[in-house]
Amino acid sequence: MALDARSGAPKLQLNGTNGRRRHRPVRLSVKKKKKKKKKPGGVRNGAAAQGRPRNRFEQAPLYVAVLTYVGFGIVTLFGYFRDFLRALRLEKCHIAQERQELKEFVPLYQDFENFYTRNLYMRVRDNWNRPICSLPGPVFDLMERVSDDYNWTFRLTGRTLKNVINMGSYNYLGFAENNALFLTTVAEAVRGYGVGTCSTRQEMGNLRIHEELEQLVAEFLGVESAMTFGMGFATNSMNIPALVGKGCLILSDELNHTSLILGARLSGATIRIFKHNNMQSLERLLRDAVCSGQPRTHRPWRKILIMVEGIYSMEGSLVCLPEIVALKKKYKAYLYLDEAHSIGALGPTGRGVIELFGMDAKDIDILMGTFTKSFGAAGGYIAGKKELVDYLRSHSHSAVYASAMSPPVTEQIIRVIKGIMGRGGTNEGLRRVHRLMENTRYFRRRLREMGFIIYGNEDSPVVPLLLYLPAKVVAFSRAMLEKNIGVVVVGFPATPITEARARFCVSAAHTRDMLDKVLDALDEVGDALSIKFSRQKFSPRSELYDGTDFELDS
């Protein structure tokens, strides 16, 4: 592996290239094809090409979109009216404000920018940040709270809601558990190493189990080397700046996670966005980057990095990996794959989207993932070629300055990976991978049969159920909690304004009885709130090839 002359970052040698990579124009093979009639719900993507289920994005009826905008319009108008009353001191404002003696200073709090928080979020704040007082496994206990001032403040009643079914945690394989039999090795790690290292890996925090974990991760993924970090978010935000910089181009999916976006911004590289899973949009950007080079100077880009996720956590959709790898090879770009939600949760043996699509891990230049979901722990990893990992050990801020991973957390990850790989005389991990797949497909199938609009792929344990109208979002969350079911609801600005939703996360720890109880409650609440909007018409958003098909050069 060569190093970039200007930044010192590694330049991966792909397809026989070496030295400084120059992106030259590539002959395109674009073929006009007769537009074929698509089946309802059909989406041509990588999953379909490999015989996998398709990503689905069903379109809501027009009246739903209209009523959603009307609902937001009404609460916005009332918000302005209440701000007017506050200005006249006829209504008290409980939110943080500048003190009178600091009025001439640059304001710390922008009153107008907090309009949404004051007038919309505060009305429904009771649906978030509910205090949990037990292990957040397939069921948990909630501390009941009430508000005497319309959600500005809360007080605990002293009552506990017992055995609430947990449909919101990323505990895909159920390893976030308190099982003394399973956690024996973790307890031994605490006795042997303590609960923290109090140092970075490069100083006094490099333990034997850290190196064991990295070797195990590399073997599990089928790559040369891997490096682990104590925080999943920092794995993206602190490593991307070490790989790309000024003069480099990042092509990012529009639905990428905030950690990827932050890392891209911190790097100083030029960022361009392509439509979600849209290969035409991505190829147009790649073609323009190769043909035109950098703005003004038209010099070749030092590096072109494509950033995507395995499972998109808000949509439940899978990346079109085969097509993206083909485009990457065609245009001599690099590929950064974030498998935070897919590693451990997809594939026959839990090795993520790469295994699901039957691809070679060596086709992806930078493999990233976290241990906070399927592994019931904390932290993340970067994996790939040995030269890449060795470079990050000395250039990544997260590696140089952050504290080493806690020993019991490290041992927890080791036991889970060994369980999935069938080591230690048990196949419990592999059994959970298969149970997760069964639970996911069962849950999604039942929701579609009931008439709900759900997004994503049939194999994705992230299941967004579309609610659309802001009032229905609030009523849905409260009604489900009354039935002893904890759900996560998400709305604007975390989602498009017309696509508020509830996001379910299926786990291998959920029994069939639990899922049936949730589905029965959903059926009843869906009828009561009239949120069964499905008409089996699919949105143009999911179409990847608008009239013009193309074939990638081999």
Side-chain angles (χ1 to χ4, degrees), residues 39-43 53-65 67-68 71 127 138-139 164-169 172 311 313-318 435-491 495 498-539 541-542:
K39 296 181 179 180
V43 180
R54 299 176 174 92
N55 294 326
R56 296 172 178 266
F57 297 96
E58 184 176 345
Q59 187 176 15
L62 179 60
Y63 78 90
V64 175
L67 290 177
T68 300
N127 293 283
V139 296
V164 178
I165 299 179
N166 181 5
M167 294 301 298
S169 294
Y172 296 134
I311 293 179
S313 59
M314 212 48 92
E315 309 299 311
S317 55
L318 268 58
R435 190 195 304 161
L436 173 63
M437 184 184 304
E438 294 172 1
N439 285 351
T440 297
R441 292 182 176 178
Y442 173 74
F443 191 71
R444 282 182 167 274
R445 177 176 57 81
R446 288 287 307 276
L447 288 178
R448 284 197 301 270
E449 291 173 353
M450 291 178 188
F452 292 104
I453 293 180
I454 59 174
Y455 278 178
N457 191 283
E458 185 178 335
D459 288 324
S460 170
V462 179
V463 187
L465 187 153
L466 275 293
L467 302 172
Y468 300 106
L469 284 76
K472 293 184 184 293
V473 172
V474 182
F476 178 84
S477 178
R478 293 170 179 167
M480 292 298 287
L481 186 59
E482 289 177 0
K483 296 182 178 298
N484 232 36
I485 299 169
V487 300
V488 173
V489 289
V490 191
T495 67
T498 59
E499 295 185 12
R501 66 198 66 178
R503 184 182 63 179
F504 297 93
C505 293
V506 183
S507 171
H510 288 137
T511 64
R512 185 58 61 90
D513 288 340
M514 289 180 187
L515 294 180
D516 285 338
K517 181 180 178 181
V518 173
L519 289 165
D520 290 342
L522 283 170
D523 193 21
E524 183 178 340
V525 172
D527 289 332
L529 299 180
S530 299
I531 55 177
K532 297 181 178 180
F533 301 118
S534 180
R535 293 182 178 179
Q536 294 300 309
K537 293 181 180 179
F538 289 82
S539 171
R541 166 183 173 180
S542 61

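As the structure is a computational prediction, the values presented were derived from the model and not from experiment.
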>> Once rounded to the nearest 0.5 Å, what's the spacing between atom OG1 of Thr68 and atom CG of Leu469?
In response: 4.0 Å

> Would Val139 and Asn166 satisfy side chain to side chain contact (heavy atoms under 4.5 Å, CB included), going step by step from the backbone distance to the final call?
Replying inline: CA-CA 5 Å; Val139 296; Asn166 181 5; 5.9 Å; no

> Just how far is it from atom CZ of Arg503 to atom CG of Leu465, taken to the nearest 0.5 Å?
Replying inline: 13.5 Å

>> On a heavy-atom basis, which atom in Cys505 and which in Ser169 lie closest, and how many Å separate them?
In response: CB-O, 3.1 Å

>> Please find the pair of heavy atoms, one from Arg444 and one from Pro464, that lie closest to each other, and give the distance.
In response: NH2-CD, 4.1 Å

> Is the shortest distance from a Lys or Arg side-chain nitrogen in Glu58 or Arg56 to a carboxylate oxygen in the other one below 4.0 Å?
Replying inline: no

>> For Phe476, give me all partners under ring pair (Phe, Tyr, Trp, His ring centres under 6.0 Å), at least two apart in sequence or on another chain.
In response: none

> Could you give the distance from CZ (Arg446) to CD (Glu449), rounded to the nearest 0.5 Å?
Replying inline: 6.5 Å

> Any salt bridge between Arg501 and Glu315, counting N to O under 4.0 Å?
Replying inline: yes

>> Any heavy-atom pair between the side chains of Tyr468 and Ile453 that's under 4.5 Å?
In response: yes

>> Test side chain to side chain contact (heavy atoms under 4.5 Å, CB included) on Leu318 and Asn55; report intermediate values, then the result.
In response: CA-CA 7 Å; Leu318 268 58; Asn55 294 326; 4.0 Å; yes

> With side chains defined as the heavy atoms from C-beta onward, is the minimum distance between Ser460 and Thr440 less than 4.5 Å?
Replying inline: no

> If every non-hydrogen atom of Val488 is compared with every non-hydrogen atom of Gly168, which pair is closest and at what distance?
Replying inline: CG2-CA, 3.8 Å

>> Quick check: do Leu447 and Val463 have side-chain heavy atoms less than 4.5 Å from each other?
In response: yes

> Is the closest side-chain heavy-atom distance between Arg441 and Met437 below 4.5 Å?
Replying inline: yes

> Hey, what do you get for NE2 (His510) to CD (Glu438), rounding to the nearest 0.5 Å?
Replying inline: 15.0 Å

> Between Glu482 and Arg478, is the closest basic N to carboxylate O distance under 4.0 Å?
Replying inline: no

Donor-acceptor contacts, no H, no angles, side chain residues 512-523, under 3.5 Å, sequence neighbours left out:
residue : atom : partner : partner atom : Å
Asp516  : OD1  : Tyr442  : OH           : 2.4
Asp523  : OD1  : Lys532  : NZ           : 2.3

> Any side-chain heavy atom of Arg535 sitting closer than 4.5 Å to one from Pro61?
Replying inline: yes

> In terms of side-chain heavy atoms, does Ser477 have a donor or acceptor partner in Asn127 at a distance below 3.5 Å?
Replying inline: yes

> Are Tyr172 and Ser507 close enough that some pair of their side-chain heavy atoms sits under 4.5 Å apart?
Replying inline: no

>> Which residue is it: Asn457, Val462, Asp459? I am looking for the one with a side-chain contact (heavy atoms from CB on, under 4.5 Å) to Ile311.
In response: Val462

> Can you name the nearest heavy-atom pair linking Leu467 to Ala502, along with the distance?
Replying inline: CD1-N, 3.8 Å

